[in-house]
Protein chains: 2
Amino acid sequence: MPESTIDYGYLENDLGYVLRRAQLWVFQDLIRTMSPVDLRPAQYSVLVIIHHNPGLSQISLASALGIERARLVRLLDQLEDRKLVERRPAASDRRSHAMHLTLEGERTLASARELATAHRQACLEEFGGQNNYTTLVRLLAKFGAPQ
Amino acid sequence: MPESTIDYGYLENDLGYVLRRAQLWVFQDLIRTMSPVDLRPAQYSVLVIIHHNPGLSQISLASALGIERARLVRLLDQLEDRKLVERRPAASDRRSHAMHLTLEGERTLASARELATAHRQACLEEFGGQNNYTTLVRLLAKFGAPQ
DNA sequence: TATTGTTATACTCTATAACTATA
DNA sequence: TATAGTTATAGAGTATAACAATA
């Protein structure tokens with residue numbers, strides 16, 4: 001039975017359903033385009049946030065990414081094993097770590113950024129142009145955004 | 001260090017990042033509002049598709065949902081254990097199953113539908129109105145949609 | 001040979017609770 | 001007491017490969 005005969009009911013007007021389909025597509029394309037630097041979406045976003053906020057704590061980082069601090073620990077373990085990030089002792093609070101990118105981390109992020117350009121272009125084309133893309137990002141940014 | 005000092009860099013203009021944040025919010029709200037009928041988003045969408053396409057095969061169902069057929073097996077096992085769906089032998093192809101909702105499955109879906117109304121209302125309010133919601137769904141439906 | 005459903009495996013991600021060392 | 005980081009566990013979801021029954 002071909003897919004074209006499927007009736008999606010009200011699911012095709014369900015925000016959760018279309019969000020999931022879209023995110024699946026975008027993440028798969030991101031994973032594919034990032035494969036030369038071997039970064040998954042979560043790892044990439046960790047590097048971006050640390051780059052723009054050197055010295056921030058793990059709890060701030062987890063909050064910015066919208067993930068649990070327990071999940072962040074293993075993410076950072078992997079990136080630290082690959083010598084891309086560093087946990088340094090925080091000056092003011094000895095419980096806390098100050099997160100920094102290593103030189104290689106900065107280099108990897110720079111490469112990732114170039115690859116991200118190709119990914120963004122793929123999204124633009126898949127989606128139907130700059131205007132729709134911009135509108136979409138603007139509308140989505142209102143949801144669950146860290147204030 | 002308060003979150004308000006975080007610099008998200010270009011991440012806040014990254015489609016994958018905002019998609020993930022939005023989906024997280026919507027799914028969490030959906031899980032919360034569906035808790036009286038104990039259905040997760042994937043389970044709910046299974047019931048919806050079967051209801052609108054009684055007798056369809058597992059492979060068609062998996063394709064409609066954008067999940068692997070191996071993943072669907074366990075989803076259906078759970079729902080069948082709860083007597084919400086039935087795998088019946090397909091008339092034309094003895095390899096295949098014809099999926100149906102039980103009477104209790106139809107009742108549960110009807111309850112879920114009513115709860116979904118509250119969820120939709122929560123999304124509308126979180127997001128900022130019917131117009132934005134409709135625009136968003138329309139733009140997202142172009143991504144990775146089954147043709 | 002190819003397809004449908006199944007089983008198995010490995011990995012990612014989410015959600016929680018509890019522990020330690022500091023505050 | 002509360003907080004930052006960690007460890008452990010359970011479940012959900014994703015991605016593959018292989019298998020039996022059937023086409």
Side-chain angles (χ1 to χ4, degrees), chain A residues 1-3 16-17 19-21 23-32 34-35 38-46 55-80 85-99 144, chain B residues 1-3 16 19-21 23-32 34-35 38-46 55-63 65-80 85-99 144:
Chain A
M1 194 172 300
E3 292 178 35
Y17 178 77
L19 271 174
R20 182 184 159 278
R21 302 288 306 217
Q23 201 208 317
L24 212 61
W25 191 95
V26 173
F27 267 42
Q28 279 170 352
D29 187 78
L30 187 58
I31 292 169
R32 206 183 314 124
M34 287 288 175
S35 62
D38 191 24
L39 288 178
R40 294 182 59 82
Q43 297 172 320
Y44 172 61
S45 62
V46 164
L56 90 169
S57 67
Q58 293 185 201
I59 204 157
S60 296
L61 182 52
S63 161
L65 297 172
I67 65 178
E68 293 297 321
R69 66 194 200 280
R71 159 95 184 109
L72 180 61
V73 171
R74 279 200 294 177
L75 262 175
L76 290 176
D77 287 346
Q78 295 169 343
L79 294 172
E80 207 168 31
V85 308
E86 264 182 4
R87 289 167 164 115
R88 298 186 195 159
S92 58
D93 186 336
R94 285 165 57 205
R95 291 172 304 182
S96 174
H97 292 156
M99 305 308 308
Chain B
M1 192 173 300
E3 293 178 33
L19 270 174
R20 183 184 159 280
R21 302 290 306 218
Q23 202 208 315
L24 212 61
W25 191 94
V26 173
F27 267 42
Q28 279 170 353
D29 186 79
L30 187 58
I31 291 168
R32 207 182 315 123
M34 288 287 175
S35 63
D38 192 24
L39 288 178
R40 294 182 60 82
Q43 298 172 320
Y44 171 62
S45 62
V46 164
L56 91 169
S57 68
Q58 292 186 200
I59 204 156
S60 296
L61 181 53
S63 161
L65 297 172
I67 65 178
E68 294 297 322
R69 66 193 200 281
R71 159 93 184 110
L72 180 61
V73 170
R74 279 199 295 176
L75 263 175
L76 289 176
D77 287 347
Q78 296 170 341
L79 294 172
E80 207 169 30
V85 308
E86 264 183 4
R87 289 166 165 115
R88 298 185 193 160
S92 58
D93 185 338
R94 286 164 57 204
R95 292 172 303 183
S96 176
H97 292 157
M99 305 308 309

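Chain letters run A, B, ... following the sequence lines, proteins first, then strands; residues in each count from 1. Keep in mind the model is a prediction, meaning the values are calculated, not measured.
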Worksheet entry | Per-nucleotide protein contact string for nucleotides 9-18 of chain C (B base, S sugar-phosphate only, - none; heavy atom under 4.0 Å) | ---SSBSB-B

Fill in: Contacts of type side-chain hydrogen bond (donor to acceptor under 3.5 Å, both in side chains), residue A/R32, not counting sequence neighbours
A/D29

Response to the item:
By side-chain hydrogen bond (donor to acceptor under 3.5 Å, both in side chains), B/R95 pairs with (sequence neighbours left out) B/D93

Practice prompt. List in numerical order all residues of residues 91-99 of chain B for which some heavy atom is under 4.0 Å away from an atom belonging to DNA chain C.
Written response: B/R95, B/S96, B/H97

Practice prompt. Please name the pair of heavy atoms, one in A/G16 and one in B/F27, separated by the smallest distance, quoted to 0.1 Å.
Written response: O-CE1, 3.5 Å

Item to complete: Please list, chain by chain and in numerical order, all residues satisfying side-chain hydrogen bond (donor to acceptor under 3.5 Å, both in side chains) with A/Q78, sequence neighbours excluded.
Response: A/Q43

Fill in: Opening and closing nucleotides of DNA chain D in contact with chain B, under 4.0 Å to non-hydrogen atoms
D/dA12 to D/dA23

Worksheet item: How close do A/M99 and A/S57 get, heavy atom to heavy atom, and via which atoms?
Response: CG-C, 4.4 Å

Discussion item. Under the rule for side-chain contact (heavy atoms from CB on, under 4.5 Å), what residues qualify as partners of B/D38, not counting sequence neighbours?
Written reply: B/R82

Item to complete: Please report the C-alpha distance between A/R21 and A/W25 in whole Å, then the side-chain angles of each, then the deciding distance to 0.1 Å, and finally whether the side chain to side chain contact (heavy atoms under 4.5 Å, CB included) criterion is met.
Response: CA-CA 6 Å; A/R21 302 288 306 217; A/W25 191 95; over 6 Å; no

Worksheet entry | Which atom of B/E80 lies closest to which atom of B/V85, heavy atoms considered | CG-O, 3.4 Å

Worksheet entry | Those residues that, when tested against A/R88, pass salt bridge (charged side-chain N to carboxylate O under 4.0 Å, His left out) (two or more places apart) | A/E86

Throw together a table of side-chain donor-acceptor distances under 3.5 angstrom for residues 66-77 of chain B, partners on residues two or more places apart or in other chains.
residue, atom, partner, partner atom, Å
B/D77, OD1, B/R87, NH1, 2.9
B/D77, OD1, B/R87, NH2, 3.1

